[in-house]
Amino acid sequence: MKIKVGIIGATGYAGAELVRLLSAHPEAELVALTTQSYGGKSFCEVYPHLYKYVDQKCCELDIPDLVGKADVIFAALPHGHAIPVAREVLKQGKKFIDLGADFRFDRREVYEQWYKVEHTAPDLLEQKVYGLPEVYREKIKSASLVGNPGCYPTSVILGLAPLLKHGLVDTGTVVADSKSGVSGAGRGLSLGNHFCEVNENFRAYNVGMHRHTPEIEQELGKLAGEEMVISFTPHLTPMNRGILSTVYAKLKQEMTLGQVRSIYEEYYRSEFFVRLLPPGILPQTKAVAGSNHCDVVPVVDPRTGRVVVISAIDNLIKGAAGQAVQNMNLMFGLPEITGLNRPGLYP
Ligand SMILES: NC(=O)C1=CN([C@@H]2O[C@H](COP(=O)(O)OP(=O)(O)OC[C@H]3O[C@@H](n4cnc5c(N)ncnc54)[C@H](OP(=O)(O)O)[C@@H]3O)[C@@H](O)[C@H]2O)C=CC1
Ligand SMILES: CC(=O)N[C@@H](CCC(=O)OP(=O)(O)O)C(=O)O
């Protein structure tokens with residue numbers, strides 16, 4: 001019997017990637033694709049690249065109907081909207097994976113401060129698991145509620161995790177500089193994201209105040225075993241998809257590149273999706289576009305005593321839909337790479 005899957009917000013960019021991945025997943029069956037604006041339309045009218053692969057119609061959200069039909073529900077909604085749905089899904093004993101920010105934080109006050117909405121189900125924050133399999137695999141296997149990580153946090157956390165876990169980083173010195181493609185902002189129209197504003201342009205935004213900062217701090221702090229504050233600067237680049245993060249940190253002790261690389265090799269040895277690239281190859285967004293990989297390379301700068309880690313992901317795949325499917329696989333006892341074992345698209 002296949003896993004019956006419902007997707008809320010299926011007509012957004014992250015939702016449509018879920019539809020594409022799950023329509024080719026050997027153990028999943030799509031049973032409901034919800035939308036706000038396209039109720040009754042065929043999904044392929046909205047996303048014609050899936051013509052002949054997906055034959056469902058979009059429907060408006062009807063929570064009892066959806067929960068009745070599906071074994072697992074993914075939400076790819078603006079933040080705040082997943083909370084009431086999660087409550088109902090869990091009450092009926094089904095599983096819930098939220099691609100937004102509603103179930104990423106351990107402390108409700110942090111979410112409310114940065115997202116400017118009240119968290120109406122703080123009790124659920126206690127039972128949620130942060131959906132980064134490379135860090136929380138065992139907990140995800142038995143979770144009913146997963147808060148899928150943000151796209152920038154995925155690239156930064158995977159970039160620094162091995163060194164933090166070994167206590168090798170001076171935790172007050174971390175700077176993360178990330179560049180994202182425009183699909184990271186979703187499909188909805190906005191002034192900052194239309195063609196003339198983005199094309200042939202490159203700019204920083206939300207400097208010192210981006211909402212992913214506290215999420216990155218929460219997770220890096222847990223790896224380090226102490227509270228952390230970091231500097232995080234996101235940038236918008238004129239490409240459709242991809243995130244390249246450059247993370248700088250002072251090492252607590254002098255280390256050679258060989259020593260640092262051996263720590264990454266050991267930490268990621270059995271990970272399929274995180275690829276420590278060989279010396280001489282640096283991560284780039286094109287090499288991970290369309291795949292669930294996170295490519296990582298640490299470099300040691302002996303002049304400054306800093307490590308510089310470069311990481312690349314596809315914001316819509318390892319940064320959203322792919323990671324969510326990886327979590328679903330774990331939650332249903334499937335091999336983690338089911339439906340995801342394909343390389344990126346190049347060029
Ligand atoms: N884009 C990315 O790279 C990433 C996104 N995320 C998160 O995933 C979530 C979705 O993002 P994204 O796909 O980019 O956003 P989009 O704006 O592209 O899609 C949002 C989806 O939610 C639907 N929707 C909006 N408001 C409501 C509502 N009130 N009730 C029901 N449905 C609604 C929209 O319907 P309609 O299509 O009809 O307008 C659409 O299907 C967000 O929380 C985002 O932060 C996380 C990581 C990466
Ligand atoms: C390029 C771009 O605009 N990216 C988005 C990514 C944020 C996102 O997806 O945020 P949540 O998942 O936390 O809601 C942004 O910076 O707001």
Side-chain angles (χ1 to χ4, degrees), residues 6-20 32-41 43 45-47 58-63 66 73-85 97-105 110-111 114-117 131-132 146-156 178-194 197-198 201-207 209-216 218 232-245 285 289 313-324:
I7 302 174
I8 313 179
T11 46
Y13 281 159
E17 281 295 82
L18 278 171
V19 175
R20 185 175 69 85
L33 306 178
T34 90
T35 181
Q36 190 175 40
S37 339
Y38 303 100
K41 275 204 170 173
F43 191 79
E45 272 182 75
V46 189
Y47 286 103
C58 306
C59 59
E60 274 158 33
L61 176 58
D62 171 343
I63 300 177
L66 182 66
I73 287 159
F74 293 85
L77 295 169
H79 66 269
H81 292 274
I83 299 172
V85 193
I97 303 173
D98 180 29
L99 277 71
D102 294 347
F103 299 103
R104 294 181 192 153
F105 289 93
V110 180
Y111 171 86
W114 289 80
Y115 283 82
K116 312 279 182 237
V117 287
L132 191 61
V146 164
N148 217 54
C151 45
Y152 288 123
T154 296
S155 67
V156 175
S178 300
K179 306 97 198 164
S180 173
V182 187
S183 61
R187 194 173 189 234
L189 302 176
S190 73
L191 176 62
N193 299 336
H194 82 65
E197 302 292 324
V198 169
N201 199 9
F202 182 37
R203 64 180 173 88
Y205 66 102
N206 289 356
V207 181
M209 52 185 285
H210 193 278
R211 294 186 303 209
H212 285 173
T213 310
E215 184 185 335
I216 298 170
Q218 169 183 294
F232 169 61
T233 305
H235 300 74
L236 194 64
T237 73
M239 52 186 193
N240 284 348
R241 52 166 89 207
I243 287 180
L244 189 80
S245 287
T285 55
I313 59 168
D314 183 328
N315 56 295
L316 290 173
I317 311 287
K318 185 60 176 165
Q323 183 136 269

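This chain uses plain numbering: 1 for the first residue, then up along the sequence. Order of appearance sets the numbers: ligands from 1, and atoms from 1 within every ligand.
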Q: Quick one: does Ala14 get an N or O within less than 3.5 Å of an N or O on ligand 1?
A: yes
Q: Among all residues two or more places apart in sequence or in another chain, which pass the salt bridge (Lys or Arg N to Asp or Glu O under 4.0 Å) test with Asp98?
A: none
Q: Would a search of protein heavy atoms around atom 44 (C) of ligand 1 find one under 4.0 Å away?
A: no
Q: Could you work out, with salt bridge (Lys or Arg N to Asp or Glu O under 4.0 Å) as the rule, every residue matching Arg211, not counting sequence neighbours?
A: none
Q: Counting each atom of ligand 1 from 1 as listed, which ones have a heavy atom of Tyr13 under 4.0 Å away?
A: 13 (O), 18 (O)
Q: Is there a nitrogen or oxygen of Thr34 sitting under 3.5 Å from a nitrogen or oxygen of ligand 1?
A: no
Q: I need the atoms of ligand 1 closer than 4.0 Å to a non-hydrogen atom of Arg187, numbered in the order shown.
A: 16 (P), 17 (O), 18 (O)
Q: Can Gly150 be said to touch ligand 1, with heavy atoms closer than 4.0 Å?
A: no
Q: Give the numbers and elements of all ligand 1 atoms closer than 4.0 Å to a heavy atom of Leu316.
A: 1 (N), 2 (C), 3 (O)
Q: Please identify which atoms of ligand 1 are closer than 4.0 Å to at least one heavy atom of Gly184.
A: 1 (N), 2 (C), 3 (O)
Q: Which protein N or O atoms sit under 3.5 Å from any N or O of ligand 2? Give each pair with its distance.
A:
from: ligand 2; atom 1: 4 (N); to: Gly184; atom 2: O; distance (Å): 3.3
from: ligand 2; atom 1: 4 (N); to: Tyr205; atom 2: OH; distance (Å): 3.4
from: ligand 2; atom 1: 10 (O); to: His212; atom 2: NE2; distance (Å): 3.1
from: ligand 2; atom 1: 12 (O); to: Arg104; atom 2: NH1; distance (Å): 3.3
from: ligand 2; atom 1: 12 (O); to: Arg104; atom 2: NH2; distance (Å): 2.8
from: ligand 2; atom 1: 13 (O); to: Arg104; atom 2: NH1; distance (Å): 2.8
from: ligand 2; atom 1: 13 (O); to: Tyr115; atom 2: OH; distance (Å): 2.7
from: ligand 2; atom 1: 13 (O); to: His212; atom 2: NE2; distance (Å): 2.8
from: ligand 2; atom 1: 16 (O); to: Tyr205; atom 2: OH; distance (Å): 2.5
from: ligand 2; atom 1: 16 (O); to: His210; atom 2: NE2; distance (Å): 2.6

Q: Counting only non-hydrogen atoms of the protein, does one fall under 4.0 Å from atom 13 (O) of ligand 1?
A: yes
Q: Taking all non-hydrogen atoms of both residues into account, name the closest pair between Gly192 and Leu236 and its distance.
A: O-CD2, 4.0 Å
Q: Only heavy atoms of Ala320, strictly under 4.0 Å: list the atoms of ligand 1 that pass.
A: 47 (C), 48 (C)
Q: Applying salt bridge (Lys or Arg N to Asp or Glu O under 4.0 Å), can you list everything that pairs with Glu215, at least two apart in sequence or on another chain?
A: Arg104
